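Data first, discussion second: the structure below is written as C-alpha cells.
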There are 2 protein chains.
Amino acid sequence: MTTSISEELGILRTSSLAAAVEREVERLILNGSFAPGERINENKLASELGTSRGPIREAIRALEGTGLVVSIRNRGSFIRRLSVQEVREVYEVRSALFGLAGKLLAERITEDQLQRLTRFVVEMEEASKRRDFEAYYPLNLAFHEFIVDSAGNTMLAQQYRTFVKKLHLFRARSLVQGGGLTVSNTEHREMLSAVAARDPVWSHEAHCRHVTSARDRLLSVVKAEDALSNTN
Amino acid sequence: MTTSISEELGILRTSSLAAAVEREVERLILNGSFAPGERINENKLASELGTSRGPIREAIRALEGTGLVVSIRNRGSFIRRLSVQEVREVYEVRSALFGLAGKLLAERITEDQLQRLTRFVVEMEEASKRRDFEAYYPLNLAFHEFIVDSAGNTMLAQQYRTFVKKLHLFRARSLVQGGGLTVSNTEHREMLSAVAARDPVWSHEAHCRHVTSARDRLLSVVKAEDALSNTN
DNA sequence: TTTTCGTTAACTGTTGACAATTTTTTCTGA
DNA sequence: TCAGAAAAAATTGTCAACAGTTAACGAAAA
C-alpha cells in the first residue's frame with residue numbers, strides 16, 4: 001500500500017483532503033488491499049498517505065455513512081464484513097434498483113443509446129465466445145454502468161453503485177464477478193430486446209431477473225464451497 | 001437551536017461524540033431547524049453543542065455520505081436542497097424499495113404481523129374519518145416503518161429510511177406528509193389485501209403504486225403552487 | 001450613485017498535542 | 001508451565017491553535 005496521494009492533487013483544488021482519502025480508502029477496499037473485517041489503523045494510514053489523522057477520521061465517517069465501514073467506540077473502525085444473509089439482502093435491493101433502471105431505460109432510451117447498448121452485448125458475446133475473461137469483466141461492468149447512468153435518475157445510479165460496492169465486502173469477493181458467462185449473455189439479449197421494444201414492464205422484469213439469477217449463481221457456489229469445507 | 005447534547009450522553013458510552021452530533025444535526029434537519037440550502041457553521045454548532053470542531057466535521061462527513069449534506073471546499077457544508085426533478089427521482093427509488101418491501105412481506109408475513117398491520121389500517125381509517133390529522137400522521141409513518149421493518153431485509157429498511165429522510169430536503173417540506181387521506185386509505189386496504197393473500201406480485205404492485213400516487217399528489221400541488229406564483 | 005479595489009473579519013482545512021481507553025507485554029505466584 | 005495481575009505500549013477520542021481561503025465591508029474613483 002505505497003500509493004501516493006499526489007495523483008489526487010488535481011482533485012484537492014475542488015475537494016478536501018478527506019474526500020481524497022475517502023476515495024483512496026474505497027479504492028483499497030475494492031482492490032482487496034483492505035480485507036473485510038480488517039481494522040483501519042488511523043496513525044498508520046495517516047503516515048502512509050502523508051496527512052494527519054483529522055482527514056483520515058473524516059473519510060472514515062463518510063465511508064461509515066455509505067456502509068462500507070463500521071466503527072466501534074474506542075476500538076476502531078473496521079472494513080465491514082457481509083454475511084451470506086446480508087449478501088442476499090444486498091442482491092435483493094440491487095435487483096429492485098436495477099429493475100427500476102431497466103424500466104426507466106425502456107421508457108426513455110434514444111436510438112443512439114440503444115446502439116451503444118447493443119454494441120456492449122455483441123462485444124461481450126464475442127469475448128465469451130473466445131473465452132477472453134480479461135475483456136469480458138470490464139465490458140460487463142461498463143454495460144451495467146451504462147444502463148443505470150442512462151436511466152435518467154442520478155439518485156438511483158448512485159445507490160446502485162453503492163450496493164455493487166458492498167458486494168466487495170463479502171469474503172468470497174472473487175466469486176461476485178465470476179460465473180455463468182453464457183447464461184448472462186442470453187439474459188443480456190432479453191434485456192436488450194425488452195428495452196428495444198420500449199416495454200417498461202418486460203424490461204423491469206428482465207433486469208430484475210438478471211440480478212437475481214446472478215445472486216443464485218453466486219449463492220450456489222458459496223453453498224457448495226461451504227458443504228465441501230464442512231465435510232473436510 | 002438551544003438543544004443540549006446532554007440527552008445523548010447515554011449513547012456516548014457506546015458511540016462517539018461525532019455520532020451523537022450526527023444524530024442531533026439530522027434531527028435539526030428533519031425538524032426544519034436547519035433549512036435546505038442553509039450553511040452549517042462549524043464554530044457556531046460546536047459551541048452550541050459544547051464540543052470542538054473535530055466531532056462536528058466528522059458528523060458532517062457522515063451526513064454527506066448519506067446525502068443529507070453537501071460540502072464545497074473552503075466554502076462550507078450546506079443542508080442539501082432538492083429540486084423538483086430530484087424529488088421525483090427520490091420518489092422513483094423509494095417506490096422501487098417500498099415495492100420490494102411489499103413483495104417480501106407478502107412472502108413471509110406471520111399471522112401476528114398481519115393482525116398488527118390490519119390494526120394500523122383500521123386506526124388510520126378511524127383517524128381520517130374524524131379528521132384527526134394529529135393522530136393520522138404518526139400512524140401513517142409507523143405503518144410504513146412496520147412494513148419495511150417486517151420485510152426481513154435490514155439493508156432495504158435502512159435505505160428506505162434514508163430516502164424518506166431525503167424528502168425533507170425539498171423546499172415544500174410540509175407538503176410531503178399531507179394530501180389525500182381517504183385516497184391513501186383505499187390504497188392501504190389494497191396493500192393489506194395483497195399481503196393477506198400472500199401474493200408477492202400483487203403486493204409489489206400495490207406498494208409501488210402507493211408511493212407513486214403519493215408522488216403524484218405532491219407534484220400536482222407543487223405544480224399548482226408554482227403556476228400561482230408565476231402569475232403573481 | 002455605482003463600481004472597483006484593498007483591508008479586515010470570519011470561516012474552513014489541517015495539524016500536533018493531550019487525555020482516555022484498549023491491547024499487548026511483562027512479571028509474579030502457584 | 002500456566003493463570004492472573006500489573007505495567008507499558010499502542011490506539012482512539014477530543015481539543016486548541018495555526019495557516020490558508022473566502023466573504024464582508026468600506027473607501028476611493030469613475
Side-chain angles (χ1 to χ4, degrees), chain A residues 1 4-25 28-29 34-35 37-65 68-80, chain B residues 1 3-25 28-29 34-35 37-65 68-81:
Chain A
M1 204 168 66
S4 163
I5 209 156
S6 52
E7 318 150 15
E8 300 269 0
L9 255 172
I11 293 164
L12 278 186
R13 262 170 240 145
T14 53
S15 187
S16 73
L17 231 182
V21 173
E22 184 190 345
R23 281 173 162 237
E24 179 63 11
V25 173
L28 292 172
I29 294 174
F34 267 137
E38 194 176 337
R39 208 192 83 231
I40 301 175
N41 189 322
E42 295 178 4
N43 278 310
K44 193 169 157 238
L45 191 61
S47 63
E48 274 170 354
L49 297 181
T51 70
S52 67
R53 280 175 51 221
I56 301 287
R57 286 179 63 86
E58 289 182 23
I60 288 175
R61 288 287 171 273
L63 291 167
E64 204 181 354
L68 258 56
V69 165
V70 183
S71 293
I72 306 172
R73 182 181 165 84
N74 288 327
R75 295 279 308 272
S77 302
F78 303 82
I79 311 298
R80 188 167 179 185
Chain B
M1 207 170 63
T3 313
S4 164
I5 207 157
S6 52
E7 317 151 15
E8 300 269 0
L9 258 172
I11 293 163
L12 279 185
R13 262 169 241 146
T14 54
S15 186
S16 75
L17 231 183
V21 173
E22 185 190 345
R23 282 176 160 235
E24 178 63 11
V25 173
L28 292 172
I29 293 175
F34 267 137
E38 193 175 340
R39 209 195 73 210
I40 302 175
N41 188 322
E42 295 178 4
N43 278 310
K44 192 170 159 239
L45 191 61
S47 64
E48 275 172 355
L49 297 181
T51 70
S52 68
R53 280 174 53 219
I56 301 286
R57 286 180 63 87
E58 289 182 23
I60 288 175
R61 289 290 167 273
L63 291 167
E64 204 181 352
L68 258 55
V69 165
V70 182
S71 293
I72 304 172
R73 182 180 164 87
N74 289 327
R75 294 278 308 271
S77 301
F78 304 82
I79 311 299
R80 188 166 180 185
R81 195 207 313 253

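On a predicted model such as this, the values are computed, not experimentally measured, just so you know. Computed over heavy atoms, backbone and side chain alike; hydrogens, waters and symmetry mates excluded. Note on naming: letters A, B, ... go to the chains in the order of the sequence lines (proteins, then strands), and numbering restarts at 1 for each one.
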Within the structure provided, determine whether B:Val25 and B:Ile60 are in side-chain contact (heavy-atom separation under 4.5 Å). no
Spacing between A:Leu45 atom CG and D:dT12 atom P, to the nearest angstrom: 10 Å
Counting only side-chain heavy atoms from C-beta out, which of C:dC11, D:dT14, D:dT11 sits nearest to A:Arg53? D:dT14
Find the distance between CZ (B:Phe34) and CG (B:Leu63) and round it off to the nearest 0.5 Å. 10.0 Å
Length of the line joining A:Glu58:CD and D:dT12:P, which is rounded to integer Å: 16 Å
When we call it a touch if two heavy atoms are under 4.0 Å apart, what does B:Ile56 touch: a base, just sugar-phosphate, or nothing? nothing
Minimum side-chain heavy-atom gap A:Ile79-A:Ile40 below 4.5 Å: yes
Whole-Å distance separating the CD atom of A:Glu42 from the P atom of C:dA20: 18 Å
Counting only side-chain N and O atoms of A:Arg73, is one of them less than 4.0 Å from OP1 or OP2 of C:dT22? no
When you compare the side chain of A:Arg57 with that of A:Ser77, does any pair of heavy atoms fall below 4.5 Å? no
Rounded to whole Å, please give me the gap between CG in A:Leu17 and C1' in C:dG13. 8 Å
Categorize A:Arg75 for me: base, sugar-phosphate, or nothing, with a 4.0 angstrom heavy-atom threshold over every strand shown. sugar-phosphate
D:dT11, C:dT21, C:dG13: which one has an atom nearest the side-chain heavy atoms of A:Asn74? C:dT21
By the 4.0 Å heavy-atom rule, please label B:Ile60 as base, sugar-phosphate, or nothing. nothing
Base, sugar-phosphate or nothing for B:Gly54? Non-hydrogen atoms, less than 4.0 Å. nothing
Distance, nearest 0.5 Å, that separates CD1 of A:Ile72 from CZ of A:Arg39: 11.0 Å
Within this structure, what is the CZ-to-C1' distance between A:Phe78 and D:dT12, rounded to whole angstrom? 11 Å
How long is the line joining CG of B:Leu49 and P of D:dG13, in whole Å? 19 Å
How long is the line joining CD1 of B:Ile72 and P of C:dG13, in whole Å? 11 Å
If you assign each of A:Pro55 and B:Gly76 to its closest nucleotide in DNA chain C, which residue comes earlier from the 5' end? B:Gly76
Just how far, in rounded Å, is P of D:dA24 from CG of B:Asn41? 12 Å
Looking only at the side chain of B:Arg57 (C-beta and beyond, no hydrogens), which of the listed nucleotides C:dT14, D:dT14, C:dT15 gets closest? C:dT14
